[in-house]
Amino acid sequence: MRQWNFCAGPAAISEEVLQDLKSELLEYKNSGTSVMEMSHRSEIYSKIAHEAKSDLIQILNIPDNYEVLFLQGGATYQFSMIPMNFKHLTGAADYVTTGTWTKKAFAEGSKIISINEIYSSEDSNFTCAPDIEKLDISENASYVHYCPNETIQGNAIHNVPNIKKPLIADMSSVILSEPIDISKFSLIYAGAQKNIGPAGLTIVIIDKEFMRLDDDSLPNILRYSQHSKSNSMLNTPPTFAWYMAGKVFKWIKNSGGLDYFSELNHKKASKLYKYIDDSLFYSNPININNRSIMNVTFVLADSDLDPLFLEESNANGLLSLKGHRSIGGMRASIYNAMPLEGVEELIKFMKYFELKYG
Ligand SMILES: *Cc1c(COP(=O)(O)O)cnc(C)c1O
């Protein structure tokens, strides 16, 4: 039986989408094969690929002067691909470090480009995040990199900064959770396995003018413009993940788009935070204005009870609540595919557990 899955990634996919997949898993629309077994260059697959792209453009309201790429390698690959493509501009970039992922992006990027870390909240265990507009952005920065939602710590930067330098964002765990103004960014990237679909696919949304600046001395496979030129089919793309992403985009559209999910996601998160705040047994360490609506982290007053909490929650059909191994505690990832009911069940369990052991 399917249960409430709070995994941070690969994360829950809507049952509606999975049922739809099931119905065409063996044979896709009288083609004689499953989607996994067909040429990515075939007419029937091209249609799947194209439709997924245009649905994403519609859902996110992506302006015409942006390209949408379907790549591989995960968000981690982008930590290197971005500096490789743009270091030749000035040789320098600014990075904002607010958690594990931006710290990794900084470490990997530093091997390629000279990085000025203009902010780090590591001293406060990444419990806060800055207003990027108030930071000192370097004169020679080719771009500014940040992460609006740090998946592991559960912190967020909610307003998109208005800055003069090209803005790059790792949106792996927050993309499609609410509407965003794409025009403020030069490049957005996101691994698929949080809020888009199965692992293996990475979405890049890039300003075409910025894309034209990519380094032409790089091998084609590393250049955004070359992926664009071949419609993200420079080589065999992750066809199954792309097809599944398309199904998720349709599901989002049919559910009412990002306005619908934004309302739902805020409702789920505020319900859970409210319960945590009202309780003396659970607490959330993140600065209130920087709380994530996608990854809600919390600790128990007595961490000796952690194993018991995990064992009992699991037995009650609430899966994967263990916080990341690097920070401990608990984490409930409540992406689009988690219904309000799942969060209510979690709160019910947390109440029961507090009553029993608190
Ligand atoms: C999951 C995650 C990553 C890493 O993604 P991979 O696809 O495993 O490379 C990077 N950044 C953020 C914000 C993430 O949530």
Side-chain angles (χ1 to χ4, degrees), residues 1-29 31 34-36 38 44-62 68-70 149 151 171-180 182 188-205 232 237-269 293-295 319-320 332-345:
M1 199 181 86
R2 288 179 59 78
Q3 304 187 319
W4 302 115
N5 179 7
F6 294 92
C7 189
I13 293 176
S14 154
E15 188 162 330
E16 235 175 286
V17 170
L18 295 173
Q19 288 291 357
D20 184 28
L21 163 70
K22 192 176 168 190
S23 74
E24 51 191 40
L25 189 56
L26 290 182
E27 185 189 9
Y28 181 77
K29 293 189 178 159
S31 64
S34 78
V35 168
M36 277 176 281
M38 57 177 66
I44 190 161
Y45 190 81
S46 300
K47 195 165 166 249
I48 292 173
H50 181 79
E51 221 169 280
K53 182 175 170 179
S54 56
D55 281 340
L56 181 61
I57 288 170
Q58 195 191 333
I59 297 168
L60 271 173
N61 202 10
I62 300 173
V68 179
L69 301 171
F70 289 70
N149 190 81
T151 322
M171 294 211 181
S172 295
S173 51
V174 74
I175 195 164
L176 301 178
S177 64
E178 57 188 349
I180 40 161
I182 302 282
I188 289 167
Y189 63 99
Q193 70 275 19
K194 276 67 184 248
N195 214 12
I196 295 174
L201 173 72
T202 311
I203 300 288
V204 170
I205 302 167
S232 303
T239 54
F240 184 76
W242 190 331
Y243 151 80
M244 282 294 287
K247 288 202 176 300
V248 173
F249 301 154
K250 282 260 188 291
W251 168 72
I252 290 175
K253 259 172 72 169
N254 295 338
S255 304
L258 296 190
D259 288 328
Y260 168 80
F261 281 103
S262 173
E263 197 189 324
L264 175 66
N265 289 329
H266 282 275
K267 201 177 198 171
K268 288 184 304 192
I293 60 161
M294 295 275 95
N295 311 96
L319 311 183
S320 291
S333 294
I334 49 175
Y335 304 115
N336 289 350
M338 174 60 65
L340 182 61
E341 193 192 343
V343 172
E344 287 167 349
E345 286 302 313

Hey, does Ser320 have a side-chain heavy atom less than 4.5 Å from the side chain of Asn5?
yes
With Phe261, which residues qualify under ring-ring contact (aromatic ring centres under 6.0 Å, His included), at least two apart?
Trp251
I want to check something: taking the side chain as every heavy atom from C-beta on, are Val174 and Ile180 in contact at a cut-off of under 4.5 Å?
no
For Ala12 versus Ala337, what's the shortest heavy-atom pair and its separation?
O-CB, 3.4 Å
Nearest 0.5 Å please: distance from the CD1 atom of Ile59 over to the CD1 atom of Ile57.
10.5 Å
Any chance you could measure Ser232, atom OG, to Leu69, atom CG, to the nearest 0.5 Å?
4.5 Å
Would you give the length of the straight line joining atom NZ of Lys268 to atom CG of Leu340, rounded to the nearest 0.5 angstrom?
8.0 Å
Suppose the criterion is salt bridge (charged side-chain N to carboxylate O under 4.0 Å, His left out): which pairs have a residue in residues 241-251, not counting sequence neighbours?
Asp20-Lys247, Glu24-Lys247, Glu51-Lys250, Asp55-Lys250
Pro238: partners by side chain to side chain contact (heavy atoms under 4.5 Å, CB included), with sequence neighbours left out:
Gln72, Leu201, Ala241
More than 12 non-hydrogen atoms from neighbouring residues, nucleotides or ligands closer than 6.0 Å to NE2 on His266, yes or no?
yes
Give me the one residue out of Ile252, Ile203, Ile175, Ile188 that meets side chain to side chain contact (heavy atoms under 4.5 Å, CB included) with Leu60.
Ile175
If you round to the nearest 0.5 Å, how far is OH of Tyr28 from CD1 of Ile44?
6.0 Å
Any pair with a residue in residues 192-204 that passes side-chain hydrogen bond (donor to acceptor under 3.5 Å, both in side chains), sequence neighbours left out, goes on the list, sorted by first then second residue, please.
none
When you compare the side chain of Pro237 with that of Trp242, does any pair of heavy atoms fall below 4.5 Å?
yes
May I ask you to test the Val17-Lys22 pair for a side-chain heavy-atom distance under 4.5 Å?
no
Given side chain to side chain contact (heavy atoms under 4.5 Å, CB included), test Met244 with Leu21 step by step and report yes or no.
CA-CA 8 Å; Met244 282 294 287; Leu21 163 70; 3.8 Å; yes
Would you compute the distance between atom CG of Asn336 and atom OH of Tyr260 and round it to the nearest 0.5 angstrom?
9.5 Å
Nearest heavy atoms of Met38 and Tyr45, plus distance in Å
SD-CB, 4.1 Å
What pair of heavy atoms forms the shortest contact from Leu25 to Ser34, and how long is it?
O-CB, 2.9 Å
Here the pair of heavy atoms bringing Asn265 nearest to Ser177 is ND2-O, 3.0 Å
Counterpart residues, salt bridge (charged side-chain N to carboxylate O under 4.0 Å, His left out), relative to Glu27 (two or more places apart)
none
Taking every heavy atom of Gly191 against every heavy atom of Ser172, the minimum-distance pair comes out as N-OG, 3.2 Å
For Val343 and Met338, work out which heavy atoms get closest and say how close.
CG2-CG, 4.1 Å
Give the C-alpha distance, both sets of side-chain angles, the deciding distance and a yes or no for side-chain hydrogen bond (donor to acceptor under 3.5 Å, both in side chains) between Asn295 and Ser333.
CA-CA 4 Å; Asn295 311 96; Ser333 294; 2.9 Å; yes
If the condition is salt bridge (charged side-chain N to carboxylate O under 4.0 Å, His left out), which residues does Glu178 pass it with, not counting sequence neighbours?
none
Is it the case that more than 12 heavy atoms not belonging to Gln3 sit under 6.0 Å from its CD atom?
yes
For the CD atom of Gln19 and the OG atom of Ser23, what is their distance to the nearest 0.5 Å?
8.5 Å
Less than 4.5 Å apart, any side-chain heavy atom of Ile196 and any of Phe249?
yes
Examine distances only and state if a side-chain atom of Ser173 and a backbone atom of Asn149 form a donor-acceptor pair shorter than 3.5 Å.
yes
